[in-house]
Amino acid sequence: MGVWTNKIERENLRPGDHIYSYRLAYTYSHHGIYVGAGNVIHFTGGESQETGTGTVLDRLIGCLPQRRPLENPCSICGDQSKTAGVISSCLDCFLSGGDLYLYEYDVTRNFFLAKARGGTCTLASSEPPEQVIHRAFYFLRKGFGVYDVIKNNCEDFALCCKTGLQVIPTVSVGQSGQAASFQAAAGVILSSSLMFLARSSPLGFLATNVTGLAGIYGKYCVNRLVNDIGVRRDVRRVVLEEET
């Protein structure tokens with residue numbers, strides 16, 4: 001584990017771990033909670049990716065898992081290709097051929113900023129594994145609301161299971177680091193494009209805008225940080241019905 005990669009071997013997994021795997025040539029990642037015995041509980045938006053009905057944004061950061069083809073269902077999980085909501089899958093179905101990564105908690109600000117890609121770590125602390133697993137199974141029974149690519153996706157689900165915190169529904173962005181990074185990157189691309197158009201040549205752009213580019217990257221990092229569940233104040237603690 002470190003700045004460069006969060007890859008983990010299967011034998012090092014522990015129940016209660018927040019895991020993820022990349023899809024579509026690393027364009028986005030799918031997240032879930034490992035609950036032991038080779039099983040993962042995760043939140044999916046359904047079949048829009050398989051049927052082609054999802055938007056470009058859905059496919060980039062929607063955390064929609066690429067599942068097994070209908071003609072070749074898993075012998076353990078069966079056919080989950082049309083299932084939406086919180087589901088339980090074997091580890092192989094969850095990974096869908098991808099590598100296994102471990103989401104990190106309670107990292108320092110410097111470490112967080114050094115991880116340029118979002119959706120890999122958070123400043124927030126994780127609660128004990130037994131509480132994490134309890135929440136995951138609770139949401140498996142009760143659901144996790146309506147799937148939303150920006151406000152309520154698979155990373156939001158895993159973060160809630162781990163921390164017991166959820167962003168207040170009225171805000172425009174959920175707690176997903178992946179979604180926050182995508183939005184921050186979109187701002188960087190727009191700012192860079194405007195700077196480029198303001199110069200007469202690519203050489204002039206590179207020669208005179210190094211400081212400007214550094215500032216844009218700094219803004220990207222700040223935007224990621226302020227949207228992290230570990231520093232946000234627009235959150236609430238989730239109280240499960242069974243606990244009232």
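Computation of the quantities below employed the complete heavy-atom set of this structure, encompassing side-chain atoms and omitting hydrogens, waters and symmetry-equivalent molecules.
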A.B. asks: Could you measure the distance from the CD atom of Glu9 to the CG atom of Asp99? Nearest 0.5 Å is fine.
C.D. replies: 8.5 Å
A.B. asks: Backbone N or O of Asp17 within a donor-acceptor pair of the Lys162 side chain at under 3.5 Å?
C.D. replies: no
A.B. asks: Looking only at the side chains, is there a donor atom on one of Tyr103 and Glu155 sitting less than 3.5 Å from an acceptor on the other?
C.D. replies: yes
A.B. asks: Mind running side chain to side chain contact (heavy atoms under 4.5 Å, CB included) on Ile87 and His42 for me, showing each step along the way?
C.D. replies: CA-CA 6 Å; Ile87 63 175; His42 51 118; 3.5 Å; yes
A.B. asks: Would Arg232 and Leu165 count as a side chain to side chain contact (heavy atoms under 4.5 Å, CB included) if you check the C-alpha gap in whole Å, the side-chain angles of each, and the deciding distance to 0.1 Å?
C.D. replies: CA-CA 10 Å; Arg232 292 176 71 153; Leu165 301 175; over 6 Å; no
A.B. asks: Applying the ring pair (Phe, Tyr, Trp, His ring centres under 6.0 Å) test to Tyr101, which of Phe94, Tyr26, Tyr22 qualifies?
C.D. replies: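 Of the listed options, the one satisfying the test is Tyr22.
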A.B. asks: Test question: given the 4.5 Å side-chain rule for I, L, V, M, F, W and Y, name all other residues clustered with Val222, or answer none.
C.D. replies: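 Same cluster as Val222: Val226.
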A.B. asks: Once rounded to the nearest 0.5 Å, what's the spacing between atom CG of Asn39 and atom OG of Ser88?
C.D. replies: 4.5 Å
A.B. asks: Please give me the minimum heavy-atom distance between Ala124 and Ile229, naming the atom from each residue.
C.D. replies: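 It is CB-CG2, 3.7 Å.
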A.B. asks: Got a sec, which residues hit salt bridge (Lys or Arg N to Asp or Glu O under 4.0 Å) with Asp106, two or more places apart in sequence or on another chain?
C.D. replies: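 So Asp106 forms no salt bridge (Lys or Arg N to Asp or Glu O under 4.0 Å) with any residue.
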A.B. asks: What's the separation between atom OG1 in Thr44 and atom CG in Asn153, rounded to the nearest 0.5 Å?
C.D. replies: 11.0 Å
A.B. asks: On the 0 to 90° scale, with breaks at 30° and 60°, tag the His18-Tyr20 ring pair as parallel, tilted or perpendicular.
C.D. replies: perpendicular
A.B. asks: Kindly indicate, with the supporting measurements, whether the criterion side chain to side chain contact (heavy atoms under 4.5 Å, CB included) is fulfilled by Lys115 and Asn6.
C.D. replies: CA-CA 10 Å; Lys115 298 278 283 190; Asn6 287 13; 2.6 Å; yes
A.B. asks: Tell me the closest heavy-atom pair linking Glu127 and Gln131, and the distance in Å.
C.D. replies: OE1-CG, 3.3 Å
A.B. asks: Please assess Cys74 against Asp92 for the test side chain to side chain contact (heavy atoms under 4.5 Å, CB included), listing each intermediate value before the final yes or no.
C.D. replies: CA-CA 9 Å; Cys74 173; Asp92 284 333; over 6 Å; no
A.B. asks: Could you measure the distance from the OH atom of Tyr138 to the SG atom of Cys161? Nearest 0.5 Å is fine.
C.D. replies: 11.5 Å
A.B. asks: How long is the straight-line distance from CG of Leu225 back to CG of Leu123, given to the nearest 0.5 Å?
C.D. replies: 6.5 Å
A.B. asks: Show the nearest heavy-atom pair for residues Val238 and Cys160, with the distance to one decimal.
C.D. replies: CG2-SG, 3.6 Å
A.B. asks: Any side-chain heavy atom of Ile19 within less than 4.5 Å of one from Leu91?
C.D. replies: yes
A.B. asks: For Ala116, is there any backbone N or O sitting under 3.5 Å from a side-chain donor or acceptor partner on Tyr220?
C.D. replies: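 A pair under 3.5 Å: yes.
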A.B. asks: Taking the side chain as everything from C-beta on, heavy atoms only, tell me whether Ser126 gets closer than 4.5 Å to Val132.
C.D. replies: yes
A.B. asks: Taking all non-hydrogen atoms of both residues, which atom of Cys90 and which atom of Cys77 are closest, and how far apart?
C.D. replies: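 Closest heavy-atom pair between Cys90 and Cys77: N-SG, 3.0 Å.
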A.B. asks: Does either side chain, that of Ser29 or that of His31, offer a donor lying less than 3.5 Å from an acceptor on the other one?
C.D. replies: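 Checked: Ser29/His31 side chains pair up, N/O donor to acceptor below 3.5 Å.
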A.B. asks: Quick one: closest heavy-atom pair of Tyr28 and Leu24, and the distance?
C.D. replies: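 Heavy-atom minimum between the residues: CE2-CD1, 3.5 Å.
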A.B. asks: Honestly curious: do Leu240 and Ile133 fall in one hydrophobic cluster under the side-chain, below-4.5 Å linking rule?
C.D. replies: yes
A.B. asks: Taking the side chain as every heavy atom from C-beta outward, state whether Arg10 and Leu95 have any atom pair closer than 4.5 Å.
C.D. replies: yes
A.B. asks: Using a 4.5 Å cut-off on heavy atoms from C-beta on, say whether the side chain of Tyr34 contacts that of Leu100.
C.D. replies: no
A.B. asks: A side-chain contact here means heavy atoms from C-beta on lying under 4.5 Å apart; do Ser89 and Gln80 qualify?
C.D. replies: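 A side-chain contact exists here, since the closest heavy-atom pair is under 4.5 Å.
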A.B. asks: With side chains defined as the heavy atoms from C-beta onward, is the minimum distance between Phe43 and Asp156 less than 4.5 Å?
C.D. replies: no
A.B. asks: Return the minimal non-hydrogen interatomic distance between Ala158 and Ile33, and the atom names on each side.
C.D. replies: O-CD1, 3.8 Å
A.B. asks: Would Ile76 and Ile41 show up in the same hydrophobic cluster when neighbours are defined by side-chain heavy atoms closer than 4.5 Å?
C.D. replies: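 Cluster IDs for Ile76 and Ile41 differ.
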